[in-house]
Enquirer: 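Pasting in a structure now, in structure tokens, and then I'll have a few things to ask.
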Amino acid sequence: MKLLIANRGEIAVRVIRACRELGIPTVAVYSDCDRAARHVRDADQAVHVGPSPAVESYLRIDRMIEAAKATGADAVHPGYGFLAENAVFAQACADAGLTFIGPTPKAIERMGSKTGAREVAIAAGVPVVPGTDAPLGQHATDDEILREGGRIGYPLMVKAVAGGGGKGMREVRSAPDLLAAVRTARSEAGSSFGNTAVYFERRLLHPRHIEIQLLGDHHGTVVPFVERECSIQRRHQKVVEESPSLAVTPALRERIASAAARVASAVGYTNAGTIEFLLDQDGSFYFLEMNTRLQVEHPVTEMVTSEDLVHWQIRIARGEKLTLDPAHALTPRGHAIECRIYAEDPDLGFMPSPGLVRGIRPASGPGVRDDSGVTEGFTVPVFYDSMIAKLVAWAGNRPAAIARMNRALAEYEVLGIKTTIPFFRWLMGQQDFIDGRFDTTYLDHVLADRDESFSALSEPEEQRIAIAAGLDAWLKSASSPGQASGSQPANAWKTAARREALGG
Ligand code: MV4
């Protein structure tokens, strides 16, 4: 096998790492702005696939297939995002004789329609949030829409049939707002997915977001894993994920996992996938949607089960049997927490902060895993998602995992661009987070009530002044940005800071 990774950034690096361990040669692809990216350096070979905008590079199915053919690759890993849940791409790989490391085009398509996925869940005896059965297409009249809204009741959610992850989603509190919400949801869905159909669900008021990772092989076996909790989201973007969930007892875990496995089995699901649920305050859970890809937050599952999900994806695609012990997959060992580090300024409303990374020292040490996609001297592009790293802390229990995350966040240094690290230092100290008193509404609410700086809380004043002064001196002494590490140790700026702080 020779594997082409049709992706970039940290997930491309993650897949390359798995391939190295399995002795599989790798081919990276890159756009103009990613010429010097870490994934290009880490792979055995790299192919340029086009200009920086994703539609001209990472979303070009033809270029990916050409790159695989030109390099003799016989397998393709799509990562997440870009072409990962594109059934046309999965089919194009098959047509070109390439092994797609993921589910079948049919399964992608089936779950890509969120109303179709609801039907699968209902048929499998898995509860869904009360809502519309059939999609409301362009032809639906205002009367029909209002009647459907009244039948479901308010508050309700308007969701895009082709959506997922909160895109094209609108909350409606009462009937007079419904038609306008349907119009905006339709137009958002039309431009994002090329499909304006929507459906309604009753809105659960304080649900937690629980999801079940699973694997399916080509011999009919589906194995669900211990849950992840992803309730800490900002504007429908997950920012912290953990496993296990404080809200899930072993008995509930068995029930949710078996529900997830029933949905996957109903479509003959193969490879890695995740079923999302909402968990209500009364302990009832509801199927939400299925993600037919490896997810960003897969490392927390790996940390508590000691399984390598990317290894399994590749082995499954090769036709191997899933020999994993189901009881082992469902039993967490310790606790893992992941923080998604974005190139954003938390003090400016999480405004994107792309640009040159002048220095980076990821955290390491006991129980810490850093999945980052950038290196010193790389310019974080404006063209793609701004996540630059995932920091994962593992420990024997949740309080110890939080303590470890705090330690790792204190260690993590990124110079040149703003990151969300100061925000996570603040969040890890919040009593409600520490006590597990949160649901999907938590973060947007606490952020709305806050206007203080996150970075100001991060480090003692003197230390910050010294670091700033030292950084300044270091930057002046460095010959050119990005090359500084060639002649100076990576922590030169800190040494300079210390010297500055001591007055000479
Ligand atoms: C919901 C919901 C409540 N009720 N659906 C957001 C992402 C997508 N995967 C589904 N999402 C939700 N769907 C119903 N019927 C709550 C969420 C939700 C959420 C809503 C508001 C603010 C933050 C949220 C975080 C996660 C999930």
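Both ligands and their constituent atoms are indexed starting at 1 by order of listing. Not measured: the values here are computed from a predicted model. All values below come from the heavy atoms of this structure, side chains included, with hydrogens, waters and symmetry mates left out.
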Enquirer: Taking side chain as C-beta onward, heavy atoms only, is His298 less than 4.5 Å from Phe225?
Expert: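 With C-beta onward as the side chain, the pair stays apart.
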Enquirer: Can a salt bridge be assigned to the pair Lys238 and Glu276 using a cut-off of 4.0 Å between side-chain N and carboxylate O?
Expert: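 So Lys238 pairs with Glu276 through a salt bridge.
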Enquirer: What I'd like to find out is whether the side chain of Glu411 reaches to under 4.5 Å of the side chain of Val368, using heavy atoms alone.
Expert: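 Of all side-chain heavy-atom pairs linking Val368 with Glu411, none is under 4.5 Å.
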Enquirer: Kindly write out the residues that satisfy side chain to side chain contact (heavy atoms under 4.5 Å, CB included) with Lys106, not counting sequence neighbours, or none if the list is empty.
Expert: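 By the side chain to side chain contact (heavy atoms under 4.5 Å, CB included) rule, Lys106 matches Thr104.
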Enquirer: Report each N/O pair between ligand 1 and the protein that falls under 3.5 Å, naming both atoms.
Expert:
| unit_1 | atom_1 | unit_2 | atom_2 | d |
| --- | --- | --- | --- | --- |
| ligand 1 | 4 (N) | Leu204 | N | 3.0 |
| ligand 1 | 5 (N) | Lys159 | NZ | 2.9 |
| ligand 1 | 9 (N) | Glu276 | OE1 | 3.2 |
| ligand 1 | 13 (N) | Lys159 | NZ | 3.0 |
| ligand 1 | 15 (N) | Glu201 | OE1 | 3.0 |
| ligand 1 | 15 (N) | Arg202 | O | 2.8 |

Enquirer: Taking Glu227 first and then Arg253, would you say they form a salt bridge - that is, a charged N and a carboxylate O separated by under 4.0 Å?
Expert: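 Judged by the 4.0 Å cut-off on N to carboxylate O distance, Glu227 and Arg253 do form a salt bridge.
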Enquirer: Answer yes or no: is there a side-chain heavy-atom contact under 4.5 Å between Leu427 and Ile232?
Expert: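 They are in side-chain contact.
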